[in-house]
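These numbers were taken from a predicted model, which means no experiment stands behind them.
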Amino acid sequence: MTTQAREFAWRLRSWLYRHARDAGRLPTRSELAEGLGASASGVDRALRFLAESAVVALDGAGEILMAHPFSGVATPFRVRTPLGDYWANCAWDAIAIPLLLETDGRCDTRCPNSGAHIDLAVTGGRVEPAGAVIRLPVPVRRFWDDIGFT
């Protein structure tokens, strides 16, 4: 990949995160192309580069499935903030969204194992409830082996 193509990929990444923050969802490939004034093939190359760099995960059609901590699909982890509502990929990402956006946030969800109600919150940069534990099913170094499972 050329230096110019790499620079475009990183510019695309910035644009997609701003879009996620402002729109409450990840952009489609066509929205990326239109927003950046780019060709569909240029966007596809940039997304493949970002996927190979473990920045985004793509679905089978090449659309953005995940741009951590944001999910491109509905999940049990809906994060509500004063800036808007967002889908997170997991409990870890549900905490990361308000921290990334530098705002408070809340995620009302259930434990995937027991079904117990969990009310995760970030208030003033602190995670609540104090003492909450998030179980990671694989070591962090192995997340991208199967990011959809992790």
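Of the possible polar contacts, one joining the Thr75 side chain to the Ala88 backbone as a donor-acceptor pair under 3.5 Å is found.
In this view, Glu128 satisfies the salt bridge (charged side-chain N to carboxylate O under 4.0 Å, His left out) rule with no residue, not counting sequence neighbours. Evaluation of the salt bridge (charged side-chain N to carboxylate O under 4.0 Å, His left out) rule for Arg6 yields no partner, not counting sequence neighbours.
Residue Ser39 comes nearest to Gly42 through the heavy atom pair OG-N, 2.9 Å, listed as atom of the first residue, atom of the second, then distance. Across all non-hydrogen atoms, the minimal contact from Gly62 to Leu47 is O-CD1, 3.9 Å. Of all the heavy atoms in Leu100 and Pro69, the pair that sits closest is CD2-CD, 3.8 Å. The two residues Gly115 and Arg110 have their closest heavy-atom pair at O-NH1, 3.1 Å. Summarising the geometry of Leu50 relative to Ala9, their closest heavy-atom pair is CD1-O, 3.6 Å, with the distance given to 0.1 Å. Heavy-atom minimum distance, Val56 versus Ala67: CG1-CB, 4.0 Å.
Pairs passing the ring-ring contact (aromatic ring centres under 6.0 Å, His included) check and including a residue from residues 32-59, sequence neighbours excluded, read Trp10-Phe49.
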request  = For Leu120 and Phe77, run side chain to side chain contact (heavy atoms under 4.5 Å, CB included): C-alpha distance rounded to whole Å, both residues' side-chain angles, the deciding distance at 0.1 Å, then the answer.
outcome  = CA-CA 10 Å; Leu120 289 173; Phe77 303 96; 5.6 Å; no
request  = I would like to know whether Arg25 and Glu31 meet side chain to side chain contact (heavy atoms under 4.5 Å, CB included); could you show each step before the answer?
outcome  = CA-CA 12 Å; Arg25 63 177 180 77; Glu31 287 172 325; 2.6 Å; yes
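Checked against Ser71 for a side chain to side chain contact (heavy atoms under 4.5 Å, CB included), the options Val79, Asn89, Asp93, Leu26 give a single hit: Asn89. When each of Leu32, Thr28, Val73 is paired with Ile64, the side chain to side chain contact (heavy atoms under 4.5 Å, CB included) condition holds for Leu32 and for no other.
Contact annotation: the side chain of Leu101 approaches that of Tyr86 to within less than 4.5 Å [non-hydrogen atoms, C-beta and beyond].
Placement of Tyr17 and Val43 within a single hydrophobic cluster is found when ILVMFWY residues are connected by side-chain heavy-atom separations under 4.5 Å, directly or transitively. If you chain together hydrophobic residues whose side chains sit under 4.5 Å apart, Leu58 and Leu12 fall into the same group.
Heavy-atom neighbours of Trp15 CH2 from other residues, nucleotides or ligands within 6.0 Å: above the threshold of 12.
Distance check: Leu83 CG to Asp22 CG gives 9.0 Å after rounding to the nearest 0.5 Å. If you take OG1 on Thr81 and CD on Glu102, they are separated by 12.5 Å, rounding to the nearest 0.5 Å. Taken to the nearest 0.5 Å, the CG atom of Asp104 stands 5.0 Å off from the OG1 atom of Thr123. Between Phe8 atom CZ and Met1 atom CE the span is 9.5 Å, to the nearest 0.5 Å.
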